[in-house]
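Notes follow once the structure below has been shown.
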Amino acid sequence: MSPHATGRRRAHRSVATGLPVALAAALLAVGTATAAPSGDARVISTAALGRIPLGALSNALLPGSVADDHGVDLGGIGSDIFPAGRKGEYWTVTDRGPNGQIKVDGTKRRTFPVPGFDPAIVKIRVSGETVEVIDALPLTTSSGKAVTGLPNQKGRDEAPYTYDAKTPLSYDPDGLDTEGIVQARDKSFWLVDEYGPSLVHVSPRGKVLTRYVPKGLKLTGADYPAVEALPSVLLHRKTNRGFEGLAQLPGGDLVMALQSPLSLPDTAAGEASRTTRLLRFSPREGAVTAEYAYRFDPVGVVDPGEDDTSELKISSVVAVGGDRLLVEERTDRAARLQLVRLGHKADIQGGPWDDDTTSPSLEQLDDPAAAGVPVLAKRLVVDLGKVSGVPGKIEGVARVDHDTLALINDNDFGMTDGAGAFDAQGRLVDSGIETTVTYVRLPKGL
């Protein structure tokens, strides 16, 4: 978990919701002031989500799932945002839940203070300065059990610990670190996950129908179908940097974005690389049909003052007509939206770059285009880091209309890293950073 660059303290103001009584009782919402414009693109409104106790919400969805929320509120729904049909309404998705890092004997341990948390699809309504939760769908397995956010496999994923990093937790083969979300015409959902990395098909009520994982992952013990249908090269994904962006093209195909370059052939190569990958998936065929090389701008261009290339990430991809996509390049402090077009000539699937014995690897090439790789051409649409009022750590982008975007940030459930994240009673010391939906008007449209 990384620190946020900006944030506002939370106010506590109640609003009504259309949810069942048990769930509605858990919800509160709040608004914030509109930010001032800056440059050509400008913020036209901002709305915020208020305090919603995580235990109350989780237990309303799946009774008994959370014994102690340690004072954590609902957050993390900023992993992605997708229009839900009605004006101002969106589908969002939480990530794996509250988590952090605490150093013990010089080694960082990954903490899960609410291990019973079940990632959820959350429907919100933006009204004025308020973000209101109007529905929530817990992710469940084939037999109806909760899908936790705990890591899947020992030796491949980080070891999970309790909130204080003292007690190991069990791995969970059903666990998902959900990120991108789209809704298909049949009302089912598609999500992407960072652990596998994987693509997850979910019923309209939240049941996992199929999880598509890389060939050779050998995920066993899952209480839902896990199909090895993705390229095996994805087994080299960086820890906590699997799929994060997901877009749905007009014809129904899906485009998944790897958050970061693969660790190929090793961690050092991935940390230094500026080349990541997009994959096109056909739900009809149940298979990847194309793969593309995507090249980040230098980190100092995306985020002036940052010099660590490994801070570059793709968090959102958005279909904008035909085979065109908006791609969000970001750090935790800044983000830029690039426009790309997916063409047949740029497809690298099945070639040498999918063979993990190729040397140098795609990730090791200083100039992939000069080496003959058909890197996707891109055009800068907007530098969000230069737009006054846009918060840090934007992870979700939705197209509202021709010239308006909705942005949502990930507030990490108000958590920070380190032993000071919780007080002596084991209650969260909240970061004060809110989940916000920010509308940005583009001068030229899309």
Side-chain angles (χ1 to χ4, degrees), residues 1-2 101 107-108 110 151-159 177 179 192-198 213-218 230-245 255-279 288 290-303 306-315 317 327-332 334 336 338 340 346-378:
M1 183 180 300
S2 300
Q101 288 185 317
T107 301
K108 290 181 179 179
R110 178 63 60 181
N152 300 156
Q153 296 175 307
K154 184 177 181 179
R156 174 169 171 77
D157 300 317
E158 291 174 300
D177 186 0
E179 296 292 345
V192 287
D193 151 76
E194 294 213 58
Y195 285 142
S198 59
V213 301
K215 296 173 183 177
L217 181 64
K218 299 179 181 179
L230 306 183
S232 62
V233 73
L234 298 178
L235 294 174
H236 296 277
R237 64 100 174 95
K238 181 180 177 180
T239 303
N240 292 337
R241 299 280 186 91
F243 291 140
E244 183 146 309
V255 179
M256 306 168 282
L258 273 172
Q259 185 181 16
S260 296
L262 296 175
S263 297
L264 192 63
D266 53 30
T267 298
E271 295 282 280
S273 180
R274 289 197 287 122
T275 306
T276 190
R277 305 175 189 228
L278 308 181
L279 290 91
V288 172
E291 181 181 350
Y292 309 94
Y294 183 90
R295 185 79 168 160
F296 288 106
D297 284 341
V299 65
V301 173
V302 177
D303 184 354
E306 179 60 69
D307 60 3
D308 185 351
T309 295
S310 70
E311 289 297 312
L312 290 169
K313 313 172 182 80
I314 292 179
S315 277
V317 287
V327 179
E328 181 204 9
E329 297 182 25
R330 74 166 181 91
T331 66
D332 282 351
R336 286 154 56 99
Q338 304 277 359
V340 303
D347 184 8
I348 63 170
Q349 185 187 20
W353 312 117
D354 275 351
D355 182 346
D356 60 11
T357 66
T358 297
S359 182
S361 68
L362 175 63
E363 288 69 23
Q364 288 178 302
L365 297 176
D366 290 333
D367 188 346
V373 180
V375 177
L376 289 173
K378 62 185 185 181

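Reckoned from all heavy atoms, side chains included, excluding hydrogens, waters and symmetry mates. Not measured: the values here are computed from a predicted model.
With sequence neighbours excluded, no residue forms a side-chain contact (heavy atoms from CB on, under 4.5 Å) with Asp307. For Ser310, the side chain to side chain donor-acceptor pair (under 3.5 Å) test picks out Asp308, with sequence neighbours left out. For Pro360, the side-chain contact (heavy atoms from CB on, under 4.5 Å) criterion is met by Gln364, Leu365, not counting sequence neighbours. Taking Lys218 as the reference, Glu228 meet the side-chain contact (heavy atoms from CB on, under 4.5 Å) condition, with sequence neighbours excluded. Residues that satisfy the side chain to side chain donor-acceptor pair (under 3.5 Å) test with Ser260, not counting sequence neighbours, are Arg241. Not counting sequence neighbours, the partners of Ala159 by the side-chain contact (heavy atoms from CB on, under 4.5 Å) test are Tyr161, Tyr171. In this view, Glu244 and Arg330 satisfy the salt bridge (charged side-chain N to carboxylate O under 4.0 Å, His left out) rule, not counting sequence neighbours. Residues satisfying the side chain to side chain donor-acceptor pair (under 3.5 Å) test with Thr331, not counting sequence neighbours, are Asp303. For Asp355, the side chain to side chain donor-acceptor pair (under 3.5 Å) criterion is met by Thr357, not counting sequence neighbours.
Judged purely by atom type and a 3.5 angstrom limit, Asp177 has no side-chain atom pairing as donor or acceptor with the backbone of Asp193. A distance-only check finds a donor-acceptor pair linking the side chain of Gln153 to the backbone of Leu217 [under 3.5 Å]. Judged by distance alone, with hydrogens and angles left aside, the side-chain atoms of Glu306 form no donor-acceptor pair with the main-chain N or O of Glu311 at under 3.5 Å.
When all heavy atoms of Asp347 and Ala290 are compared, the pair lying nearest together is OD1-CA, 3.4 Å. When all heavy atoms are compared, the tightest approach of Val375 to Pro368 is CG2-CB, 3.7 Å. Minimum heavy-atom separation, Gly245 to Val192: O-CG2, 4.1 Å. Here the closest heavy-atom approach between residue Trp353 and residue Leu362 is recorded as CE3-N, 3.5 Å. Shown here for Val288 and Pro231, the closest heavy-atom pair between the two residues is CG2-CD, 3.9 Å. Contact detail for Ala293 and Val373: the closest heavy-atom pair is CB-CG1, 3.9 Å.
Residue pairs that meet the salt bridge (Lys or Arg N to Asp or Glu O under 4.0 Å) test with at least one member in residues 291-301, sequence neighbours left out, are Arg277-Glu291, Asp297-Arg336, Asp297-Lys378.
Residues Thr276 and Gln259 fail the side-chain proximity criterion, which asks for heavy atoms closer than 4.5 Å. Residues Leu230 and Leu279 have side chains not in contact (no heavy-atom distance under 4.5 Å, counting atoms from C-beta outward). The side-chain heavy atoms of Asp356 and Ser361, taken from C-beta on, include no pair separated by under 4.5 Å. Between Leu258 and Pro197, some side-chain heavy-atom pair lies under the 4.5 Å cut-off.
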Below 3.5 Å, can you tabulate the donor-acceptor pairs from side chains in residues 264-274 to any protein atom, sequence neighbours excluded?
residue, atom, partner, partner atom, Å
Asp266, OD1, Ala268, N, 3.4
Asp266, OD1, Ala269, N, 2.9
Glu271, OE2, Lys238, NZ, 2.5
Ser273, OG, Thr275, N, 3.0
Ser273, OG, Glu363, O, 2.9
Arg274, NH1, Phe296, O, 2.4

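Put simply, CG on Asn152 and OH on Tyr195 are 7.0 Å apart, with the number rounded to the nearest 0.5 Å. The CD atom of Gln338 lies 11.0 Å from the CD atom of Glu328; values are rounded to the nearest 0.5 Å.
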**OP:** For the pair Leu278 and Met256, evaluate side-chain contact (heavy atoms from CB on, under 4.5 Å) and give the outcome as yes or no after the intermediate values.
**Re:** CA-CA 6 Å; Leu278 308 181; Met256 306 168 282; over 6 Å; no
Kindly indicate, with the supporting measurements, whether the criterion side-chain contact (heavy atoms from CB on, under 4.5 Å) is fulfilled by Phe243 and Leu234. CA-CA 10 Å; Phe243 291 140; Leu234 298 178; 3.6 Å; yes
